[in-house]
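In what follows, a structure is listed as C-alpha cells, so that the remarks can point back to it.
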Amino acid sequence: MLNIVLFGPPGAGKGTQSAKLVEKYNLVHLSTGDIFRANIKGATELGMLAKSYMDKGQLVPDEVTIKMLQSEADKHPLSKGYIFDGFPRTHTQALALDHFLATKNTGITMMLALEVDEEELRSRLTERAKISGRPDDADPKIIQKRIEVYQEETMPVKEYYASQHKYKGVHGVGSVEDIFIALCNEISKEQ
Ligand code: B4P
C-alpha cells in the first residue's frame, strides 16, 4: 500500500495537492478538515463540536479526531492506499495512526511536507477568505492563531517521521503544477 501523510502549515496547499495526488495514484483522500466542514454543513453533533474549535483557530480534540478518521478509513477496505491530508496534527494522533495501520498490516510510507513561509501563508488564506466563506480564514487574528498552533502542536509531528527517515520536504511556493511534480518525484523514489 502507498500511505502518504501530506503535511504543512495552514494554507500550504495540502488540499490543493491532495486532489491531484489521489487522481494520479488512485488513493483514498482523507482530509480531516473536509470531514469536519461536511459535518458542520450537515449540522451534526460532531460538526457543532468541531466548529467551536475551528472558528477559534484551535485543533479539534485528539480523541474525537482520531475516532472520526478511523471510521472514515474503515469505509474503504479495498483501497490501494490513503492520503492523510491534515492528519496527524499532534504526536498523539501520529501514534494512533501507526497503531491503526498496524492492525491492517500496513504503515505510513512517507510524510510529504509542503514548506511555505508565513508571509505567503497569510496572503493565501486572506485571499481564500474572499471566496471560501470560512470563518477561520476571515480574521487575521485567527489565521495567526492557526499558524501558532501549527508551530507549537503540529511541528513536533515532523520529528516523529524524520526519526523514521520518512520525512520528505518539498518547497511549496511556485506553480501548483511544479509543486505537484516535485511531490511525484519524491513518491517515485519510494516505489
Ligand atoms: P484544513 O482543512 O486541514 O485546512 P488548511 O490547513 O487551512 O489548508 P490547506 O493546507 O489544505 O490549504 P489549501 O490547499 O486549501 O484545517 C482546517 C481546520 O480544521 C484546522 O485549523 C483545525 O481546526 C481543524 N482540523 C483539521 N484537521 C485536524 C486534526 N487532524 N486535528 C485537529 N483539528 C483538525 O490552500 C490554501 C489556499 O492557497 C487556497 O486558496 C489555494 O487555492 C491556495 N494555493 C494552494 N497552492 C498554491 C500555490 N502553489 N500558489 C498559490 N496559492 C496556492
Side-chain angles (χ1 to χ4, degrees), residues 4-22 29-41 46-73 82-97 100 111-158 160 170-183:
I4 297 172
V5 170
L6 195 57
F7 189 73
K14 300 184 291 292
T16 305
Q17 295 296 336
S18 289
K20 295 174 76 67
L21 291 169
V22 289
H29 181 204
L30 294 174
S31 159
T32 38
D34 286 352
I35 304 167
F36 286 137
R37 281 185 289 277
N39 275 276
I40 292 171
K41 208 169 165 198
L46 172 64
M48 294 305 102
L49 177 80
K51 186 171 165 47
S52 68
Y53 291 92
M54 289 167 77
D55 283 359
K56 287 186 263 179
Q58 295 169 347
L59 296 181
V60 180
D62 283 338
E63 201 190 317
V64 178
T65 307
I66 291 165
K67 216 167 115 198
M68 177 189 80
L69 188 279
Q70 292 179 348
S71 102
E72 286 297 320
Y82 299 96
I83 291 206
F84 298 98
D85 164 4
F87 184 95
R89 263 176 155 97
T90 64
H91 186 70
T92 303
Q93 291 181 13
L95 292 175
L97 181 59
F100 174 69
M111 165 182 268
L112 286 174
L114 293 165
E115 296 169 345
V116 179
D117 59 90
E118 281 190 32
E119 197 62 31
E120 173 76 12
L121 297 174
R122 279 193 208 97
S123 135
R124 286 186 191 179
L125 294 176
T126 307
E127 204 46 45
R128 184 171 68 181
K130 294 177 190 162
I131 45 162
S132 71
R134 281 176 52 171
D136 59 342
D137 287 346
D139 182 344
K141 285 199 217 87
I142 305 293
I143 291 177
Q144 188 56 36
K145 176 72 184 166
R146 289 162 65 195
I147 293 173
E148 284 165 19
V149 166
Y150 171 78
Q151 285 162 347
E152 285 160 25
E153 299 182 50
T154 305
M155 272 298 268
V157 179
K158 169 181 172 176
Y160 179 77
V170 163
H171 184 53
V173 182
S175 77
V176 169
E177 198 51 40
D178 283 350
I179 296 164
F180 177 61
I181 290 167
L183 293 171

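One-based numbering, in listed order, for ligands and for the atoms of each.
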[X] neighbourhood, listing ligand 1 atoms whose heavy-atom distance to it stays under 4.0 Å:
X: R37; value: 2 (O), 17 (C)
X: T65; value: 29 (C), 30 (N), 31 (N), 32 (C)
X: Q93; value: 29 (C), 30 (N), 31 (N), 32 (C)
X: A12; value: 10 (O)
X: I179; value: 49 (N)
X: G15; value: 9 (P), 11 (O), 14 (O)
X: G13; value: 10 (O), 12 (O), 13 (P), 14 (O), 35 (O), 45 (C)
X: R134; value: 4 (O), 7 (O), 17 (C)

Check your understanding: What distance do L46 atom CG and I40 atom CD1 have between them, rounded to the nearest 0.5 Å?
Key -> 8.5 Å

Review point. Out of curiosity, L125 CG to I142 CD1, how far, rounded to the nearest 0.5 Å?
Key: 12.0 Å

Review point. Would you say Y53 contacts ligand 1, with heavy atoms under 4.0 Å as the rule?
Key: no

Review point. Is it true that E127 lies under 4.0 Å from ligand 1, counting heavy atoms only?
Key: no

Protein heavy-atom partner closest to [atom] - residue, atom, separation in Å:
atom: atom 33 (N) of ligand 1; value: V60 N, 3.1 Å
atom: atom 38 (O) of ligand 1; value: R124 CD, 3.3 Å
atom: atom 49 (N) of ligand 1; value: G174 O, 3.0 Å
atom: atom 22 (C) of ligand 1; value: Q58 O, 3.8 Å
atom: atom 8 (O) of ligand 1; value: G11 N, 3.4 Å
atom: atom 6 (O) of ligand 1; value: K14 NZ, 2.9 Å
atom: atom 27 (N) of ligand 1; value: T32 OG1, 2.7 Å
atom: atom 45 (C) of ligand 1; value: T16 OG1, 3.3 Å

Check your understanding: Can you tell if the side chain of V173 reaches within under 4.5 Å of the side chain of H171, non-hydrogen atoms only?
Key -> yes

Review point. Any side-chain heavy-atom pair from R37 and M54 closer than 4.5 angstrom?
Key: yes

Look only at the side chain of [X] and the backbone of [Y], and say whether a donor-acceptor pair between them is shorter than 3.5 Å.
X: R146; Y: G57; value: no
X: Q93; Y: R89; value: yes
X: K14; Y: P9; value: yes

Exercise for review: Compute whether any side-chain donor of one residue and acceptor of the other, for Q151 and E118, lie under 3.5 angstrom apart.
Suggested key: yes

Review point. Any side-chain donor-acceptor pair under 3.5 Å between R122 and Q144?
Key: yes

**Study point:** Derivation of the salt bridge (charged side-chain N to carboxylate O under 4.0 Å, His left out) call for E63 and K67
**Key:** CA-CA 6 Å; E63 201 190 317; K67 216 167 115 198; over 6 Å; no

Review point. With under 30° as parallel and over 60° as perpendicular, where do the rings of H91 and Y160 fit, or are they tilted in between?
Key: perpendicular

Review point. Would you say ligand 1 has an N or O under 3.5 Å from any N or O of G57?
Key: no

Check your understanding: Which of these, K130, R89, R146, has its nearest heavy atom closest to atom 1 (P) of ligand 1?
Key -> R89

Check your understanding: Given R128, K56, M54, which has its nearest heavy atom closest to atom 37 (C) of ligand 1?
Key -> R128

**Study point:** Audit row: L97, V5, side-chain contact (heavy atoms from CB on, under 4.5 Å) steps and yes/no
**Key:** CA-CA 10 Å; L97 181 59; V5 170; 4.2 Å; yes

Check your understanding: Taking the six-membered ring for Trp, are Y150 and F7 ring centroids under 6.0 Å apart?
Key -> yes

